[in-house]
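Let me begin by presenting the structure, written as structure tokens, before commenting on it.
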Amino acid sequence: MPVANSVLSQEGAAPRERTAALRAAGRMFNTLVLALVTVILTEWLARGTLSGIAEYLLSPTRPGMVAVLVLFLLFIAADSLFGRAHQSALILVPVALLPAFLSMQKQQYLSDPLYPSDMLFGRQIGELVPVMFAARPFASIGLVAGVLALLVLLGYLLVLGRRHLPALSPLSKLVRLVVALPLIGGFLSLMDPNSFSYIRDRLNIVPMMWDQQENYRHNGFLLAFAFNVPMANVQAPHGYGADAIADIAPERLPANFFAGRDADVIMVMSESLWDPTRLGNTTLSPDPMPTIRKNASGNMFSPEFGGMTANVEFEALTGFSNAFLPYGSIPYQQYVRRPLPSLATFFASKGYVTRAFHPFQSWFWNRANVYQSLGFQSFKSEENMPVMDKRGIFASDEALTKEIIRNADSTKEPFFFFAVTLQGHGPYERNRYAKNTIDVRSAALKSQSRDSLATYAQGVREADDSLKSLMDWAKKRRRETIIVLFGDHLPPLGTVYTEAGYMPDVVATRKASVSVMKQEHETPLVVWSSKRGVQKDLGSVSPSQLPYYIVRLAGYRHPFYTGVLGRLNERYAIIDRHQLIGRNDRPSPDWATSGAPIDPLIQDYRYLQHDQMFGEGFGTQRFFPEQLERVDTPAS
């Protein structure tokens, strides 16, 4: 009998083992299908369409199935930690889908997909929720209700999963970890976009950090998003060092050769200021910006569209360029971690009072810390300004202008004031203004687009009126006053652009011909002196070139602002990460990635920027002498 029982036991064990093996294989197959569905949903959300997803997954030149396999490995590794099959999907699937959804939402207003660095200004987005709620209250209520419902459902499913999902045996958990973890680790070692990987190349994963639209299209949302995680790690440009900095020629004349005129300088970056009369198939009456048009010096070529104000501000104040920083990065959030040279530090070294103004909270875009690093002596924000009149929920340009004038009148010393307005911020809800004085006529625009444009145009009219008030005040002053006004980027007007035929999409392109780039990135620019009038025919100017014009107009010379930037200005009108635009609109597309030799002027410019932002400060004494007292141990 014992022998017979043993035989029967062995015969019964074999089917049970086969059944267990089939169940394990079935779970693995289900997990693989789940990973495939998750990638499809992620791509659908990020792209806003199913078009191109099949090619991404099935083409032998695309890494779609690699993304599926990596997600599959993450699922089985996480399941082993939870102890139950498919439990991790309740966490990992929402974690994958949420960024893709946010990317789709972002691209309705801006040109770029979601970057990991966007998470650095989540608080800013939170503060703008009331604005979006006011513009679309019912949609906002539905969104909030939907999010709460999803969170409740997720919590319920997690509890339900702990009760009903099949438990994994200790052996199964061990096998999953032994297989998955080394493969995941090996894959992570391939994710440095700055180094070549033979295996990554064979897998058709191509990090395209210079063209993020193509990066996300080719690699898919999840892989491209992962590539952008280490974007805060800025490497020194090839050739950077003390010798390279020593070889850079400073200003042709000594910096102290020109003493300046002690002219007061007021620099105003006007939120979303643009010329709406550029729209085709649309008539605006009367002209919403007569003062700006009469005193136009040229155009500002914004590196951004619809947002990312801080990146434009960074260039205009420092003379440095976003073209040398990782695509999608935000210097104010990521890189301003030490005292940096700026117009504020330059003018302070000449005995000026330096003050920044912005009628919003000081933490926004990290401005409180950044302005201190840039050398501003004080920052007037919503916390320490008088209560201002509003247009909608934003402080009016008129109120900010009055505050600037009040501060100027109480300042005896020469001053450099930098102000960022707020009134022009979107969205452009229909009833922001009690009365719109600009008549908008267009058979091409639908009623909602026409209402948005009318609200926006009224804001432009009031920005123009504020400039006139500032100029009229300056004309009466004894001391010369220099006023510089420019828009930070085109406004996020959405379907206004497509319905009017101005752009093929609701956001601007990043790479196109010179004419298209100018159409989609130029904003008004006024450079005016109460004693010398308008500085005419400046053409299209990158924000990073503004310090050159301001310092020169104030009667000063500087090794960097008029020396290095001056030489660049003679050769290039626009310095963009995708193309350099020379005088006579001569383009140099893909200058940084084509493999062609880089112009030594551009290379020197890049060396000095890296030297001050991340490097050893080899050029501080020669090019930024005003910084010597602000840094601990400047290199010589």
Leu485 and Ser270: CA distance, side-chain angles, deciding distance, side-chain contact (heavy atoms from CB on, under 4.5 Å) verdict: CA-CA 7 Å; Leu485 173 85; Ser270 187; 3.9 Å; yes
Those residues that, when tested against Glu480, pass salt bridge (Lys or Arg N to Asp or Glu O under 4.0 Å) (two or more places apart): Arg261, Arg532
Mutual orientation of the aromatic rings belonging to Phe347 and Phe416 [parallel < 30°, tilted 30-60°, perpendicular > 60°]: parallel
Pairwise distance OG(Ser297) to CG(Asn295) - rounded to 0.5 angstrom: 8.0 Å
Chi angles and distances behind the side-chain contact (heavy atoms from CB on, under 4.5 Å) call for Thr277, Asp287: CA-CA 8 Å; Thr277 65; Asp287 184 359; 4.3 Å; yes
With Lys446 via salt bridge (Lys or Arg N to Asp or Glu O under 4.0 Å) - residues at least two apart: none
Straight-line distance of Met613 CE to Leu325 CG, nearest 0.5 Å: 5.0 Å
Salt bridge present between Asp397 and Arg391 (N-O < 4.0 angstrom): no
Heavy-atom pair of closest approach, residues Val353 and Gln377: CA-OE1, 3.4 Å
N-O pairing of Asp262 and Arg479 below 4.0 Å: no
Contacts of Tyr332 that satisfy ring-ring contact (aromatic ring centres under 6.0 Å, His included) - sequence neighbours left out: none
Interatomic distance, Ile266 atom CD1 to Met471 atom CE [nearest 0.5 angstrom]: 11.5 Å
Ser469/Thr401 under side-chain hydrogen bond (donor to acceptor under 3.5 Å, both in side chains): CA gap, chis, key distance, verdict: CA-CA 8 Å; Ser469 298; Thr401 300; over 6 Å; no
side-chain contact (heavy atoms from CB on, under 4.5 Å) assessment of Arg432 paired with Phe394: CA-CA 10 Å; Arg432 178 182 295 191; Phe394 296 128; 3.9 Å; yes
All ring-ring contact (aromatic ring centres under 6.0 Å, His included) counterparts of Tyr497, not counting sequence neighbours: Trp274, Phe305
Closest heavy-atom pair and its distance - Thr509, His521: O-NE2, 2.9 Å
Spacing of CD belonging to Glu499 relative to CG belonging to Leu493, to within rounding of 0.5 Å: 11.0 Å
Side chain proximity check, Phe418 to Val420, heavy atoms < 4.5 angstrom: yes
Aromatic plane relationship, Phe346 with Tyr561 - under 30° parallel, 30 to 60° tilted, over 60° perpendicular: perpendicular
OH-CG distance between Tyr549 and Leu565, expressed to the nearest 0.5 angstrom: 10.5 Å
Heavy-atom donor-acceptor pair, Ser466 side chain to Glu398 backbone, under 3.5 Å: yes
Validation row: Ser373, Pro339 side chains within 4.5 angstrom (heavy atoms): no
Pairwise side-chain contact, Arg577 with Pro303, heavy-atom cut-off 4.5 Å (strictly under): no
Sequence-distant partners of Lys518, salt bridge (Lys or Arg N to Asp or Glu O under 4.0 Å), two or more places apart: Asp585
Other residues, nucleotides, ligands: >12 heavy atoms within 6.0 Å of Arg293 CZ: yes
Check residues 383-390 and write down every donor-acceptor pair under 3.5 Å in which the side-chain atom is one partner and the other belongs to a residue at least two apart or another chain.
unit_1	atom_1	unit_2	atom_2	d
Glu383	OE1	Ser362	N	3.2
Glu383	OE1	Ser381	OG	2.5
Glu383	OE2	Ser362	N	3.1
Glu383	OE2	Ser362	OG	3.3
Asn384	OD1	Ser381	N	2.7
Asn384	ND2	Phe379	O	3.1

By ring-ring contact (aromatic ring centres under 6.0 Å, His included) - contacts of Phe314 (at least two apart): none
Set of residues satisfying ring-ring contact (aromatic ring centres under 6.0 Å, His included) with respect to Phe357, sequence neighbours excluded: Phe417
Ring centers of Phe324, His610 separated by less than 6.0 Å: no
side-chain hydrogen bond (donor to acceptor under 3.5 Å, both in side chains) evaluation trace for Arg355 with Asn407: CA-CA 9 Å; Arg355 188 169 297 156; Asn407 276 261; 3.0 Å; yes
Residues in side-chain contact (heavy atoms from CB on, under 4.5 Å) contact with Arg450, at least two apart in sequence or another chain: Val440, Leu445, Ser447
Salt bridge Asp472-Lys468, side-chain N to carboxylate O under 4.0 Å: yes
Under the salt bridge (Lys or Arg N to Asp or Glu O under 4.0 Å) test, residues paired with Asp488 that sit two or more places apart: none
Phe376 and Tyr371 aromatic ring geometry - parallel, tilted or perpendicular at 30°/60° bounds: perpendicular
Within residues 305-334 or reaching into it, pairs that qualify as salt bridge (Lys or Arg N to Asp or Glu O under 4.0 Å) - sequence neighbours excluded: Glu313-Arg367
Any Glu462 side-chain heavy atom under 4.5 Å of Gln423 side chain: yes
Closest non-hydrogen atom pair, Ala474 against Ile483: CB-CD1, 4.1 Å
When the side chains of residues 540-547 are checked against the rest of the protein, which donor-acceptor pairs come out under 3.5 Å, sequence neighbours left out?
unit_1	atom_1	unit_2	atom_2	d
Ser540	OG	Glu522	OE2	3.0
Ser542	OG	Ile575	N	2.9
Gln545	OE1	Asn569	ND2	3.3

Arg630/Gln627 under side-chain hydrogen bond (donor to acceptor under 3.5 Å, both in side chains): CA gap, chis, key distance, verdict: CA-CA 5 Å; Arg630 303 185 67 229; Gln627 281 287 99; 2.7 Å; yes
Over 12 foreign heavy atoms within 6.0 Å of CD, Glu403: yes
From CE (Met300) to CG (Leu538), nearest 0.5 Å: 10.0 Å
Criterion side-chain contact (heavy atoms from CB on, under 4.5 Å) on Ile292 and Val526, from CA distance to verdict: CA-CA 7 Å; Ile292 295 173; Val526 172; 4.1 Å; yes
Ring-ring centroid check Phe560 Phe623, cutoff 6.0 Å: no
is_close_aromatic(Tyr428, Tyr456), centroid dist under 6.0 Å: yes
side-chain hydrogen bond (donor to acceptor under 3.5 Å, both in side chains) between Glu626 and His558, worked out: CA-CA 10 Å; Glu626 67 275 13; His558 184 269; 3.0 Å; yes
Side-chain ion pair, Arg510 and Glu304, N-O less than 4.0 Å: yes
